[in-house]
Number of protein chains: 2
Amino acid sequence: METHDAGRPDSIARRLERAIQKGQFAPGSRLPSERDLAQRWQASRSIVREGISMLVAKGLLSRRHGSGTYVNAPSDHFGAEVWADMSRRYPDLPADFFEFRHMLECRAAELAAERHDAGDRKRLQAAQAAVDAAFRGGDRELQMRTDIAFHHAIAEATHNPVFAYLMISLHKLLHDHMQLTLAGTTPRSEVFRHVVAQHRRLLDSILARDAVEAGRAAAAHIDFVRVRMNHLPPRRPMTAAPSGTRG
Amino acid sequence: METHDAGRPDSIARRLERAIQKGQFAPGSRLPSERDLAQRWQASRSIVREGISMLVAKGLLSRRHGSGTYVNAPSDHFGAEVWADMSRRYPDLPADFFEFRHMLECRAAELAAERHDAGDRKRLQAAQAAVDAAFRGGDRELQMRTDIAFHHAIAEATHNPVFAYLMISLHKLLHDHMQLTLAGTTPRSEVFRHVVAQHRRLLDSILARDAVEAGRAAAAHIDFVRVRMNHLPPRRPMTAAPSGTRG
DNA sequence: ATCGTAGAGTGGTTGGACCACCTTGGGAGT
DNA sequence: ACTCCCAAGGTGGTCCAACCACTCTACGAT
């Protein structure tokens with residue numbers, strides 16, 4: 001009796017996924033053709049095809065008609081589709097997203113301050129340096145990419161996959177959104193200087209393991225980004241006094 | 001020229017989804033057979049099948065071999081699969097989930113305290129009454145269902161779909177997990193009394209619009225649940241002083 | 001050296017057949 | 001009249017072989 005069964009789509013999908021995770025198929029590379037995989041694994045092309053479809057739906061693979069099936073980079077299948085159907089359901093809720101992001105980034109900053117290790121320190125500093133360099137230059141796309149990478153580094157320094165997953169997927173969503181909103185604006189260098197300064201403050205407090213200050217710095221940063229980039233008013237009616245580190 | 005194109009799987013998926021959202025196929029009901037839909041829409045069965053597969057992947061539909069394809073209730077496709085692949089990637093991370101949940105429930109309680117309206121008040125009180133009744137009885141399943149419904153009511157009182165979405169999907173995941181961990185335990189009535197008391201405190205502070213107290217009550221509740229139900233130590237190393245309302 | 005294009009390879013689609021499974025209803029046995 | 005069983009029909013699941021639509025590339029004409 002075979003352990004694999006090899007004939008069911010989900011079995012194919014699992015096998016493929018394992019092969020990808022084991023590095024057998026590198027990110028960005030092309031998979032063998034459907035016909036090839038079918039013959040190799042003694043399954044019909046239909047089954048292989050459906051198995052691949054599952055991984056496409058999960059964002060692990062991409063198909064290109066006439067060209068082939070390609071392995072996505074990990075950051076690609078890291079969740080953007082989580083929010084996709086939600087934002088389809090609720091046409092525009094950027095304010096709600098920012099509210100959520102506010103909470104997420106604050107807490108992540110606190111956790112990163114408490115838990116980061118030597119490797120995290122190095123990655124955080126490198127990411128910060130990259131942001132600095134990008135903002136000295138004029139490449140808008142690069143600025144956003146490095147900015148997101150910086151926040152990714154924080155996310156990973158939390159050592160909590162749930163936070164990392166949500167932050168990264170959220171940034172991907174917001175990245176697309178930002179590209180649209182920033183498309184026609186002029187590069188306001190003083191805004192960018194503010195962003196860099198806020199990153200500095202955030203990074204310093206994390207590295208100093210000052211969780212409270214890190215949370216405040218993250219809050220300030222997100223508030224600034226929301227107001228300057230998207231011209232959105234804060235959602236909270238602010239009935240009570242600002243609570244704890246999130247003021 | 002046709003607006004629909006009708007021949008591509010994603011077109012079929014969209015059409016089907018729209019039909020479901022318009023109530024043409026009620027939740028729980030059975031879809032027409034693949035062969036039927038194919039003939040009706042002038043598409044090959046394979047295409048219809050692949051379109052259905054997409055909606056199955058999104059959790060909108062379920063297939064039952066030999067029986068039919070069924071429309072899932074909205075709460076079913078409300079996100080559980082978001083976490084599914086993550087928990088597959090990281091075998092057991094209940095502590096991480098609880099950490100996230102801690103943050104989420106605290107903030108949701110705060111927002112609910114600030115934003116709830118008359119309708120929310122009624123729903124919250126009804127949900128609380130249902131929990132009370134369930135915990136006086138002995139039905140474990142009912143207790144969990146009403147408990148989750150109570151937290152849903154809070155989630156909806158935030159008036160932020162992002163919070164609602166994540167809380168509901170997270171509860172679904174934890175519900176499955178709880179069923180496993182609670183399966184063999186004896187019903188400890190004093191534990192249940194604590195839970196009811198904590199709900200009471202949480203509800204009262206929300207209805208009093210005391211965001212800070214609501215956040216604290218939620219924190220206490222989640223901590224209690226984590227310790228008593230799952231015997232998990234808190235994840236945070238607690239290097240710094242407990243920060244703000246989350247202590 | 002450059003450009004165009006034919007051909008090969010890839011994913012996408014088709015139709016039909018068959019398999020595995022579930023549901024149902026009517027007939028056999030009580 | 002009631003119960004039980006199972007055969008038939010319907011459903012999703014799989015397979016195959018061919019063809020379509022698209023992309024890439026290497027070869028040949030210019």
S.K.: Whether the side chain of B:Gln42 engages the backbone of B:Gln39 through a donor-acceptor N/O pair (distance < 3.5 Å, no angle test) should be reported.
M.R.: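 Between the backbone of B:Gln39 and the side chain of B:Gln42 there is a qualifying donor-acceptor contact (under 3.5 Å).
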S.K.: Below 4.0 angstrom, N of the basic side chain to O of the carboxylate: do A:Arg115 and B:Glu99 qualify?
M.R.: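 Here A:Arg115 pairs with B:Glu99 in a salt bridge, since their nearest N and O are under 4.0 Å apart.
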S.K.: Within the distance-only criterion (no hydrogens, no angle test), does the side chain of B:Thr146 pair as donor or acceptor with the backbone N or O of B:Gln143 below 3.5 angstrom?
M.R.: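 Indeed, once roles are kept as given, a pair shorter than 3.5 Å links the two residues.
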S.K.: Rounded to whole angstroms, how far apart are CG on B:Leu55 and C1' on D:dG12?
M.R.: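 Result: 16 Å.
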S.K.: Are B:Arg145 and B:Leu142 close enough that some pair of their side-chain heavy atoms sits under 4.5 Å apart?
M.R.: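 Heavy-atom side-chain distance check passes, below 4.5 Å.
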S.K.: From CZ of B:Arg49 over to P of C:dG12, roughly how many Å is that when rounded to an integer?
M.R.: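 Taking atom P of C:dG12 as the reference, CZ of B:Arg49 is at 17 Å.
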S.K.: Roughly, in whole Å, what's the span from CD1 in A:Ile12 to P in D:dG13?
M.R.: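 Distance, rounded to whole Å: 16 Å.
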S.K.: Starting at CD of A:Gln39 and ending at P of D:dC15, how long is that distance when rounded to a whole Å?
M.R.: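 Atom CD in A:Gln39 sits about 15 Å away from atom P in D:dC15.
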S.K.: Of the options D:dC16, C:dT13, D:dT14, whose atoms approach the side-chain atoms of B:Arg45 most closely?
M.R.: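 Of all the options, the side chain of B:Arg45 is nearest to D:dT14.
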S.K.: Taking N or O atoms only and anything under 3.5 Å, show me the protein contacts with nucleotides 20-24 of chain C, one pair per line.
M.R.:
| residue | atom | partner | partner atom | Å |
| --- | --- | --- | --- | --- |
| C:dA20 | N3 | B:His65 | NE2 | 2.9 |

S.K.: Give a yes or no answer on whether the side chain of B:His171 reaches the backbone of B:Met167 with a donor-acceptor pair at less than 3.5 Å.
M.R.: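 Side chain of B:His171 to backbone of B:Met167: a pair is present.
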S.K.: Strictly below 4.0 Å: does A:Arg63 bring a side-chain N or O up to OP1 or OP2 of C:dG12?
M.R.: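 For A:Arg63, the contact criterion (side-chain N or O under 4.0 Å from OP1 or OP2 of C:dG12) is met.
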S.K.: So does B:Val162 get a backbone contact from the side chain of A:Asp96, meaning a donor-acceptor N/O pair under 3.5 Å?
M.R.: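 Checked: no pair found.
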S.K.: Compute whether any side-chain donor of one residue and acceptor of the other, for A:Glu105 and A:His151, lie under 3.5 angstrom apart.
M.R.: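 A:His151 and A:Glu105 do have a side-chain donor-acceptor pair below 3.5 Å.
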S.K.: Send over the distance from B:Ile52 CD1 to D:dG13 P, rounded to a whole Å.
M.R.: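 Result: 9 Å.
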S.K.: Can you sort out which residues in residues 25-37 of chain B have a heavy atom within less than 4.0 Å of DNA chain D? Ascending by number, please.
M.R.: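 Going residue by residue through residues 25-37 of chain B, the ones with a heavy atom under 4.0 Å of DNA chain D turn out to be B:Ser33, B:Glu34, B:Arg35.
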S.K.: Do A:His116 and A:Glu156 pair up side chain to side chain, a donor and an acceptor below 3.5 Å, judged on atom types alone?
M.R.: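 The answer is no; no qualifying pair exists.
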S.K.: Closer than 3.5 angstrom, by distance alone: can the side chain of B:Ser29 be matched with the main-chain N or O of B:Phe25 as a donor-acceptor pair?
M.R.: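 Checked: no pair found.
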S.K.: Tell me whether B:Thr158 contacts the main-chain N or O of B:Ala155 through its side chain, where contact means a donor paired with an acceptor under 3.5 Å.
M.R.: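 Yes; at least one donor-acceptor contact below 3.5 Å.
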S.K.: Charged N to carboxylate O below 4.0 Å: is that the case for A:Glu34 and A:Arg63?
M.R.: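 Yes.
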S.K.: With axes from five pairs an end, tell me the bend angle of the helix from C:dA1-D:dT30 to C:dT30-D:dA1, nearest 10°.
M.R.: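 It comes to 20° between the two terminal axes.
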S.K.: Starting at atom CD1 of B:Ile47, determine the distance to atom C1' of C:dG15, rounded to an integer number of angstrom.
M.R.: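 These atoms are roughly 12 Å apart.
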S.K.: Taking only side-chain nitrogens and oxygens of A:Thr69, does any of them come within less than 4.0 Å of OP1 or OP2 of C:dG11?
M.R.: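 It does, given that an N or O in the side chain of A:Thr69 lies less than 4.0 Å from OP1 or OP2 of C:dG11.
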